[in-house]
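Single-structure report; data block below.
A note on names: the letters A, B, ... follow the listed sequences, proteins ahead of strands, and every chain is numbered from 1. In what follows, every heavy atom counts, from backbone to side chain, and hydrogens, waters and symmetry copies are set aside.
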Protein chains: 2
Amino acid sequence: MLKKLQQKGMIKGFKRTPQRLAILDHLDGNKSHPSAEDIYRVVARKNPSMSFATVYNTLHTLVQAGAVRELTIDPDRKRYDPDTSGHHHLICLGCRKVVDIPGDIPVDVPRGMSNEFSIVGNHIEFYGICSHCGKPRK
Amino acid sequence: MLKKLQQKGMIKGFKRTPQRLAILDHLDGNKSHPSAEDIYRVVARKNPSMSFATVYNTLHTLVQAGAVRELTIDPDRKRYDPDTSGHHHLICLGCRKVVDIPGDIPVDVPRGMSNEFSIVGNHIEFYGICSHCGKPRK
DNA sequence: ATAAATGCAAAGCATTTGCAGTAAA
DNA sequence: TTTACTGCAAATGCTTTGCATTTAT
């Protein structure tokens, strides 16, 4: 998905600026579920002129394009995931690290809601403590 | 849980002020998953002196006490749920309405993570479209 | 009395936006 | 050259906090 955006002329009206390419490059295959600031911090090292606005604008564009998923997993900030395939997440209650739970997990769609809602998807958050952390925070 | 806080002398050091009682009263049995502002708006009608700070302070106290659950479900604001029993949620992608999914939903805890994480819980978000909304937003 | 809560306003962060300048196309 | 993007700084929106005053206990 991100590869497509990195290639010339693949998307109409999408300009491949150095800033965007740097962000795409950093995001591609990234499994750390970074926040906007995480991304800025890393990308700004090599692109000293990079601004926060550009990171936010680019993320917004990528989310709109469906190339990046915005995660509502951290109560304090949005996090971004370049993996748009259906998968779930495990959050360490100690350090807030987020790791992927690959693959399908069958969930029984609740019955009784069928008339009021048409259900289009789901997302499971697992809470745990990673081996580096001892005690929960949440 | 909230009932306990509403009764005199049940919790050491917890003062039953009119503002807190009004918030507890509004929250008790509330299934609307309100934001802090939602709560403020309603409670301030009957308590004209109510301030935002008091709502936030009280919510913080209630969350610390485990009497209220803070939901990380809405990308734009925190929401609060007086129902602290294990249950899941269904979010309308149109209007952001959140409804409870009562009861247990068995999920297979992912294997392979067992050595790195000790899993202590999970929360499922279902996404759907309620009967009042036609098209998704997220 | 005294320890804790209120309310106001200011401060703190994450995020968004207006706009003039800049650079892809 | 046209259209979109950048970067700055100001603005926004949610949430937190300092502090003097008030209040439950």
Side-chain angles (χ1 to χ4, degrees), chain A residues 5-26 33-41 43-65 67-68 70-80 96 137-138, chain B residues 5-26 33-41 43-65 67-68 70-80 96 137-138:
Chain A
L5 295 171
Q6 289 172 323
Q7 284 161 6
K8 198 165 182 172
M10 287 308 287
I11 310 283
K12 69 295 154 204
F14 183 87
K15 289 188 176 176
R16 295 157 50 262
T17 67
Q19 293 85 344
R20 286 184 169 181
L21 292 175
I23 293 171
L24 288 171
D25 184 57
H26 177 60
H33 310 84
S35 66
E37 193 188 337
D38 292 336
I39 296 166
Y40 171 76
R41 201 167 30 236
V43 172
R45 275 209 291 274
K46 295 209 166 180
N47 294 58
S49 79
M50 176 75 60
S51 75
F52 260 104
T54 296
V55 173
Y56 278 110
N57 287 339
T58 299
L59 286 172
H60 182 251
T61 300
L62 294 175
V63 170
Q64 292 311 98
V68 164
E70 182 181 292
L71 301 181
T72 305
I73 261 190
D74 186 324
D76 296 324
R77 56 189 54 73
K78 291 174 184 167
R79 290 176 172 245
Y80 297 90
R96 292 277 158 202
R137 178 202 297 168
K138 187 161 187 175
Chain B
L5 295 171
Q6 289 172 322
Q7 284 162 2
K8 198 165 181 175
M10 288 308 287
I11 310 283
K12 67 296 152 200
F14 183 87
K15 288 190 178 176
R16 296 154 53 258
T17 67
Q19 294 85 345
R20 285 184 169 180
L21 292 175
I23 293 171
L24 288 171
D25 184 58
H26 178 61
H33 310 83
S35 67
E37 194 188 337
D38 293 335
I39 296 167
Y40 172 76
R41 201 168 28 235
V43 172
R45 275 208 292 274
K46 296 210 165 183
N47 293 59
S49 80
M50 176 76 59
S51 75
F52 260 104
T54 296
V55 173
Y56 278 109
N57 287 339
T58 299
L59 287 171
H60 182 251
T61 300
L62 294 175
V63 170
Q64 292 312 99
V68 164
E70 182 182 292
L71 302 181
T72 305
I73 261 190
D74 186 325
D76 296 324
R77 57 189 54 73
K78 290 174 184 167
R79 292 180 170 239
Y80 297 89
R96 291 278 160 204
R137 179 203 295 167
K138 186 162 186 177

Notebook entry, point to check: Does one side chain, of A:T61 or A:T58, offer a donor that lies under 3.5 Å from an acceptor on the other?
Noted result: no
Check whether any side-chain N or O of [X] sits under 4.0 Å from OP1 or OP2 of [N], and answer yes or no.
{"X": "B:Q19", "N": "D:dT23", "result": "no"}
{"X": "B:T17", "N": "C:dT6", "result": "yes"}
{"X": "A:R77", "N": "C:dT15", "result": "no"}
{"X": "B:Y56", "N": "D:dT16", "result": "no"}
{"X": "B:S49", "N": "C:dG7", "result": "yes"}

Per [X] side chain, nearest of listed nucleotides [options]:
{"X": "B:P18", "options": "D:dT25, C:dT17, D:dA24", "value": "D:dA24"}
{"X": "A:S51", "options": "D:dT3, C:dC8, D:dG7", "value": "D:dG7"}
{"X": "B:R16", "options": "C:dT6, D:dC8, D:dT25", "value": "D:dT25"}
{"X": "B:R20", "options": "C:dT6, D:dT6, C:dA23", "value": "C:dT6"}
{"X": "B:K78", "options": "D:dT16, D:dT6, C:dC8", "value": "D:dT16"}
{"X": "A:A36", "options": "D:dT6, C:dT15, C:dC8", "value": "C:dT15"}

Note to self: Judged by each residue's nearest nucleotide on DNA chain D, which is more toward the 5′ side, A:G13 or B:F52?
What the structure shows: A:G13
If I take atom [atom1] in residue [X] and atom [atom2] in nucleotide [N], what distance separates them, rounded to the nearest angstrom?
{"X": "B:L5", "N": "C:dA5", "atom1": "CG", "atom2": "P", "answer": "12 Å"}
{"X": "A:E70", "N": "C:dA14", "atom1": "CD", "atom2": "C1'", "answer": "12 Å"}
{"X": "A:H60", "N": "D:dT12", "atom1": "NE2", "atom2": "C1'", "answer": "15 Å"}
{"X": "B:E37", "N": "D:dG13", "atom1": "CD", "atom2": "P", "answer": "10 Å"}
{"X": "B:N57", "N": "D:dT16", "atom1": "CG", "atom2": "P", "answer": "9 Å"}
{"X": "A:M50", "N": "D:dC5", "atom1": "CE", "atom2": "P", "answer": "14 Å"}
{"X": "B:Q6", "N": "D:dA24", "atom1": "CD", "atom2": "C1'", "answer": "17 Å"}
{"X": "A:D76", "N": "D:dT16", "atom1": "CG", "atom2": "C1'", "answer": "12 Å"}

Checklist line | Verdict with reasoning, B:S35 to B:D38, per side chain to side chain donor-acceptor pair (under 3.5 Å) | finding: CA-CA 5 Å; B:S35 67; B:D38 293 335; 3.1 Å; yes
Check: Just how far is it from atom CZ of A:R96 to atom CG of A:D74, taken to the nearest 0.5 Å?
Finding: 6.0 Å
Item checked: Euclidean distance, A:Y40 OH relative to A:N47 CG, rounded to 0.5 Å -> 10.5 Å
Next item on the list: Quick one: label B:P48 by what it contacts on the DNA or RNA (base, sugar-phosphate, nothing), any heavy atom closer than 4.0 Å.
Entry: nothing
Note to self: Please classify the nucleic acid contact of A:S35 as base, sugar-phosphate, or nothing, using heavy-atom distances under 4.0 Å.
What the structure shows: nothing
Checklist line | Of B:K15 and B:N47, the one whose closest DNA chain C nucleotide lies more 5' | finding: B:K15
Notebook entry, point to check: Do B:R79 and B:I39 come close enough that some side-chain heavy atom pair is under 4.5 Å?
Noted result: no
Note to self: Do B:T17 and B:T54 make a side-chain contact, defined as non-hydrogen atoms from C-beta onward lying under 4.5 Å apart?
What the structure shows: no
